Colleague: 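What follows is a structure written as structure tokens; I'll ask about it next.
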Amino acid sequence: MSFRNRPVFDRKHHPRWQDELRSQQLIVACFAVAIALALGIFGATVWSSYYDAHLRQVAEVDGTAFNRDALGTRAGIMASELSATGTELQAQLGGARDDVIKQQLDVINGQLQTLSGDASNSLVLGAFLEHQAPLAGLGVSDNEINAEIARRETRPLRLKLSAITINVLPADAQAGAKPTDAGWTVAEKQANAIMAQLRSGSDFAQLAKDKSSDVATKDKSGLIGWVGQGDAVYGPLFDAAKNAKSGDLVGPVKGSLGYTVLHVDERKAAGPDKVLTRLLDTSGVSAQEYRDFIRDDLLRAKFQGYFANTVIKPDQPQRKIAQILIAPDAQGVPVPKLHLRHILVQPLPGAADQTKATPAQWAAALAKATRIRVEAAKPDANWYELAKQSDDSSNKGRAGDLGMYDPASSTFVKEFKDAVRTLRVGDVSQPVRTSFGYHIIKVVGERITAQDEADKLITELRGHPDEFAALARDNSEDTGTAVNGGEVGWVAHYELPAAQDAAVFALKTPGQVSDPVATQTGTYIYRLLDTSESMKISDSRLQQIKTTGFQRWLDEQKTKSQIWVDPEFAGTPASDSSTTSGTFPQG
């Protein structure tokens, strides 16, 4: 009996259907992997896009973080308020206030351009003030927020006014002339006569063109335009007409210059600002988010009051100082410059047109200029005295100082420029004739850069600090103080910008000179003249410090907190996040 062997498949020779099946399975698997990768990439892209648009952190204040959504909401609120105000202003165009309205619209457009940075600043400042408010004993109540929201969401009474004005003084009155009682009587009669004509049916627009003394409105048929409470120019006229109805005549209203007859063209009663409400709704701003924004604004006002009433005192440490100012290089580019003085002698002193002078008058001017030049060229010449003879009233009290002269950008006439090219430091020119008269020119000094000038001056002052006044007179480019040896007077904290404040109050001993302080407006060198640890500040200076010093003080306080702002969204350079936490003084 024989058995046949069982067939054995050769592994190297598969049936074709199995190869095809495996190929299909491999293709399907590859497709599945590719689809999974694509979905993963798509999902990651979508998530990344969503994260960047909504969840990306843009700022953090002492542990409180803000994302793109929070920034977008704050920007939406600010844009809504700005746009609502802009819409109202646009509707007011067409009268004598157009120039003012256009300026206001330009400001709004500028604020809309910087909205992202301003919104970031608003969020950061609000959070910072909220953290610090308990330490200063400050807070904002719900009633205060409610009242402020009601104020912002309400448009006040507005009147569209036209006017006919009768001035007391005639159009050709000399400057400084004062109205007389007789003049007031005549103006009042004229205004009453106009009022009578209008009540008899005369056309207001035509009378305004024919009779009004107000140049700003008469060519517009008397139209002032829309006016509200407290308007800087037309506020008194609004007050006189605020209870009148549309179409009413009001007046004559007595003002500082004369009498005005008013016509109320149109009246818009106080009511809801529907534009603002619609814009806030369109931006998706919730009631609570708007309340948070209002609270931040009110809290800033509370801190401004805290600064004015608690931080700033009438009696404060002060320093009496002198200064030398070196103007910055134009656009930061070093350019060789000459420091010039001149004395001008005109054939027709003070006249706008010297071409009308006779040859004899030119000859007399040359003779005078020649005599002055002889004195001016002496080594010990006192240009402060000599320049008193100058016919250039703009600088005769400053030794004829013309400041730093840049030949490339100077607007001086050709004859003057040609003469300067021939002079070296210390030289005094012969009389130079131009269309303005005869000039005696002196080159006081030269510089390549502002820093070079500062280095040269500080080297001199370190060896001879008592020469500060003389160097200030000859070199300072602050013309207001140079004539007095650079003396500024007494200054208190927050009266100068931060870097200059620090330099001044670092000086302890009278006669001490500071290092140069470089700023955008120039480089300053200070000398301490006197000190007082407690001196009363005049009311005008105190008010100025309260107004301009608040932001400085606020910035100082912020450096004591942990504040980080994404540079992409910062309105100003972000604070250093490594600064240590600080506290407010108790109120």
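Nothing here was measured: the structure is a model prediction, and the numbers come from that model. As a basis for the values below, the full set of heavy atoms in this structure was taken, side chains included, without hydrogen atoms, waters or symmetry mates.
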Colleague: Is any side-chain N of the basic residue among E477 and R398 closer than 4.0 Å to the acidic one's carboxylate O?
Modeller: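 Result for this pair is no, no salt bridge flagged.
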Colleague: Is it true that the side chains of D478 and S476 contain a donor and an acceptor less than 3.5 Å apart?
Modeller: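 Checked: D478/S476 side chains show no N/O donor-acceptor pair below 3.5 Å.
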Colleague: Taking E495 for its side chain and A492 for its backbone only, find out whether a donor-acceptor pair lies under 3.5 Å.
Modeller: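 At least one qualifying donor-acceptor pair exists.
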Colleague: Please name the pair of heavy atoms, one in A96 and one in A216, separated by the smallest distance, quoted to 0.1 Å.
Modeller: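 So the minimum-distance heavy-atom pair works out to CB-O, 3.7 Å.
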Colleague: Enter the distance from H339:NE2 to E446:CD here, rounded to the nearest 0.5 Å.
Modeller: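 That separation rounds to 12.5 Å.
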Colleague: How long is the span from the OG1 atom in T370 to the CD1 atom in I440, to the nearest 0.5 Å?
Modeller: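 Going from the OG1 atom of T370 to the CD1 atom of I440 covers 8.0 Å.
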Colleague: Could you measure the distance from the OH atom of Y524 to the CD atom of Q323? Nearest 0.5 Å is fine.
Modeller: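 One gets 6.0 Å once the value is rounded to the nearest 0.5 Å.
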Colleague: For Y384, is the OH atom crowded, meaning more than 12 foreign heavy atoms sit under 6.0 Å from it?
Modeller: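 Yes, the 6.0 Å shell around OH holds more than 12 heavy atoms from other groups.
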Colleague: Check the pair E375 / R371 against side chain to side chain contact (heavy atoms under 4.5 Å, CB included), numbers first and verdict last.
Modeller: CA-CA 7 Å; E375 296 299 319; R371 289 195 301 271; over 6 Å; no
Colleague: Taking the side chain as every heavy atom from C-beta outward, state whether R552 and D501 have any atom pair closer than 4.5 Å.
Modeller: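 R552 vs D501: side chains touch.
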Colleague: What heavy-atom pair brings A163 and L262 nearest, and what distance separates the two atoms?
Modeller: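 Taking every non-hydrogen atom into account, CB-CD2, 3.8 Å.
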Colleague: Does the ring center of Y494 lie less than 6.0 Å from the ring center of F307?
Modeller: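 For Y494 and F307, the ring centres are under 6.0 Å apart.
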Colleague: Quick one: are R527 and I321 in side-chain contact, heavy atoms under 4.5 Å?
Modeller: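 SC-SC contact between R527 and I321 ruled out.
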Colleague: Please check if the side chain of T180 supplies one atom and the backbone of G183 the other of a donor-acceptor pair under 3.5 Å.
Modeller: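 Yes, because the side chain of T180 sits within donor-acceptor range (under 3.5 Å) of the backbone of G183.
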Colleague: Under the salt bridge (Lys or Arg N to Asp or Glu O under 4.0 Å) criterion, do R462 and D515 qualify, and how do the steps go?
Modeller: CA-CA 10 Å; R462 291 289 178 243; D515 290 329; 2.6 Å; yes
Colleague: Any chance the side chains of Q500 and Y526 put a donor and an acceptor closer than 3.5 Å?
Modeller: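 Yes, side-chain donor-acceptor contact under 3.5 Å.
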Colleague: Got a second to check how far H439's NE2 is from L340's CG, nearest 0.5 Å?
Modeller: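 Here the interatomic distance stands at 12.0 Å.
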Colleague: Quick one, W553 with H493, criterion side chain to side chain contact (heavy atoms under 4.5 Å, CB included). Give me CA distance, side-chain angles, the key distance, then yes/no.
Modeller: CA-CA 10 Å; W553 173 77; H493 282 300; over 6 Å; no
Colleague: Could you go through the side chain to side chain donor-acceptor pair (under 3.5 Å) check for Q451 and D455 one step at a time?
Modeller: CA-CA 6 Å; Q451 186 60 52; D455 291 344; 2.8 Å; yes
Colleague: Apply side chain to side chain contact (heavy atoms under 4.5 Å, CB included) to the pair Q318 and R541, showing each step before the final yes or no.
Modeller: CA-CA 12 Å; Q318 296 189 56; R541 284 178 58 209; 3.0 Å; yes
Colleague: Counting only heavy atoms from other residues, nucleotides and ligands, does the tally under 6.0 Å from NZ of K417 exceed 12?
Modeller: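 Yes, NZ of K417 has more than 12 neighbouring heavy atoms, counting only those of other groups under 6.0 Å.
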Colleague: Does G117 offer a backbone N or O that forms a donor-acceptor pair with the side chain of T114 under 3.5 Å?
Modeller: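 No; zero donor-acceptor contacts below 3.5 Å.
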Colleague: What I'd like to find out is whether the side chain of K356 reaches to under 4.5 Å of the side chain of L348, using heavy atoms alone.
Modeller: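 Of all side-chain heavy-atom pairs linking L348 with K356, at least one is under 4.5 Å.
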Colleague: For a quick test of reading the model, state the closest non-hydrogen atom pair linking L402 to F416 and the distance between them.
Modeller: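 Looking at all heavy atoms of both residues, the shortest contact is CD1-CZ, 3.7 Å.
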Colleague: Please tabulate, for side-chain N and O atoms in residues 420-427, each donor-acceptor pair with protein atoms closer than 3.5 Å (sequence neighbours left out).
Modeller:
unit_1: R421; atom_1: NH1; unit_2: D418; atom_2: OD1; d: 2.4
unit_1: T422; atom_1: OG1; unit_2: A419; atom_2: O; d: 2.7
unit_1: D427; atom_1: OD2; unit_2: R424; atom_2: N; d: 2.9

Colleague: Taking all non-hydrogen atoms of both residues into account, name the closest pair between G437 and P347 and its distance.
Modeller: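 What the structure gives for the nearest pair is CA-CD, 4.1 Å.
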Colleague: Is NZ or CZ of K254 both nearer than 6.0 Å to the six-membered ring centre of W184 and within 45° of the ring axis?
Modeller: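 The answer is yes, since K254 meets both limits relative to W184.
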Colleague: Does L93 offer a backbone N or O that forms a donor-acceptor pair with the side chain of D98 under 3.5 Å?
Modeller: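 Side chain of D98 to backbone of L93: no pair is present.
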Colleague: Minimum heavy-atom separation for M78 and S122, please, with both atom names.
Modeller: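 Heavy atoms only, the tightest pair is SD-CB, 4.2 Å.
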Colleague: Is the shortest side-chain N to carboxylate O distance from R158 to D231 below 4.0 Å?
Modeller: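 No, no charged N to carboxylate O under 4.0 Å.
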Colleague: Is there side-chain contact between K320 and E487, with heavy atoms separated by less than 4.5 Å?
Modeller: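 Of all side-chain heavy-atom pairs linking E487 with K320, at least one is under 4.5 Å.
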Colleague: In Å, rounded to the nearest 0.5 Å, how long is the span from CG of L325 to OG1 of T521?
Modeller: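 One gets 6.5 Å once the value is rounded to the nearest 0.5 Å.
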Colleague: Report yes if some heavy atom in the side chain of L496 is under 4.5 Å from a heavy atom in the side chain of V504; otherwise report no.
Modeller: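 Result yes, sub-4.5 Å side-chain heavy-atom pair found.
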Colleague: Looking at side-chain heavy atoms only, is the closest gap between L105 and Q90 below 4.5 Å?
Modeller: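 Yes, side chains in contact.
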Colleague: Looking at every non-hydrogen atom in both residues, tell me the closest pair between V428 and R373 and how far apart they are.
Modeller: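 Closest approach of V428 to R373, heavy atoms only: O-NH2, 2.9 Å.
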Colleague: Has the side chain of Q304 got a donor or acceptor atom that lies under 3.5 Å from a matching backbone atom of A308?
Modeller: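 The answer is no, because no donor-acceptor pair under 3.5 Å joins these two groups.
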Colleague: Between Y405 and F412, is the ring centre distance below 6.0 Å?
Modeller: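 Between Y405 and F412, the centre distance is under 6.0 Å.
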Colleague: Counting distance only, does the side-chain N/O of T523 pair as donor-acceptor with the main-chain N or O of T519 below 3.5 Å?
Modeller: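 No, because the side chain of T523 does not come within donor-acceptor range (under 3.5 Å) of the backbone of T519.
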Colleague: Does R341 pair with D474 as a salt bridge, N-O distance under 4.0 Å?
Modeller: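 The answer is yes: the pair qualifies as a salt bridge.
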Colleague: Could you walk me through whether D106 and N109 satisfy the side chain to side chain donor-acceptor pair (under 3.5 Å) test, starting with their C-alpha distance in whole Å, then the side-chain angles of each, then the deciding distance to 0.1 Å, before giving a yes or no?
Modeller: CA-CA 5 Å; D106 286 343; N109 287 330; 4.5 Å; no
Colleague: Side-chain contact, heavy-atom cut-off 4.5 Å: V253 with L237?
Modeller: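 In short, these two side chains touch, coming nearer than 4.5 Å.
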Colleague: For the pair K396 (side chain) and S390 (backbone), establish whether a donor and an acceptor sit closer than 3.5 Å, ignoring hydrogens and angles.
Modeller: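 The answer is yes, because a donor-acceptor pair under 3.5 Å joins these two groups.
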Colleague: When you look at CG of D353, are more than 12 heavy atoms from neighbouring residues, nucleotides or ligands closer to it than 6.0 Å?
Modeller: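 Yes, the 6.0 Å shell around CG holds more than 12 heavy atoms from other groups.
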Colleague: Please round to the nearest 0.5 Å and tell me the distance separating atom OG of S221 and atom CD of Q206.
Modeller: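 Taking OG in S221 and CD in Q206, the distance rounds to 7.5 Å.
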Colleague: Excluding sequence neighbours, so at least two apart, what forms side chain to side chain contact (heavy atoms under 4.5 Å, CB included) with K218?
Modeller: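 K218: side chain to side chain contact (heavy atoms under 4.5 Å, CB included) contacts with S212.
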Colleague: Hydrogens and angles aside, do Q103 and D99 bring a side-chain donor and acceptor to less than 3.5 Å of each other?
Modeller: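 No donor-acceptor contact under 3.5 Å links the two side chains.
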Colleague: Compare all side-chain heavy atoms of L257 with those of V168 and state whether any distance is below 4.5 angstrom.
Modeller: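 No - every pair of side-chain heavy atoms lies 4.5 Å or more apart.
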Colleague: Closer than 3.5 angstrom, by distance alone: can the side chain of E460 be matched with the main-chain N or O of L457 as a donor-acceptor pair?
Modeller: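 No, because the side chain of E460 does not come within donor-acceptor range (under 3.5 Å) of the backbone of L457.
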Colleague: Is E533 paired with R319 through a side-chain N to carboxylate O contact shorter than 4.0 Å?
Modeller: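 Between E533 and R319 there is a salt bridge, with a charged N closer than 4.0 Å to a carboxylate O.
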Colleague: Are more than 12 heavy atoms, taken from residues, nucleotides or ligands other than K211, located less than 6.0 Å from that residue's NZ atom?
Modeller: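 It does not: K211 NZ has 12 such atoms or fewer within range.
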Colleague: E188 side chain to T185 main-chain N or O, any donor-acceptor pair under 3.5 Å?
Modeller: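 No, because the side chain of E188 does not come within donor-acceptor range (under 3.5 Å) of the backbone of T185.
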Colleague: Give every residue pair that meets the ring-ring contact (aromatic ring centres under 6.0 Å, His included) criterion with at least one member in residues 348-370, sequence neighbours excluded.
Modeller: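 For residues 348-370: W362-Y438.
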Colleague: Is there a side chain to side chain donor-acceptor pair (under 3.5 Å) between D392 and Q346 once you walk through the steps?
Modeller: CA-CA 9 Å; D392 185 350; Q346 295 182 313; over 6 Å; no
Colleague: Walk me through whether I164 and F204 qualify under side chain to side chain contact (heavy atoms under 4.5 Å, CB included).
Modeller: CA-CA 8 Å; I164 300 173; F204 192 100; 3.7 Å; yes
Colleague: Quick one: does T165's side chain have a donor or acceptor within less than 3.5 Å of a partner on D214's backbone?
Modeller: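 Not a single qualifying donor-acceptor pair exists.
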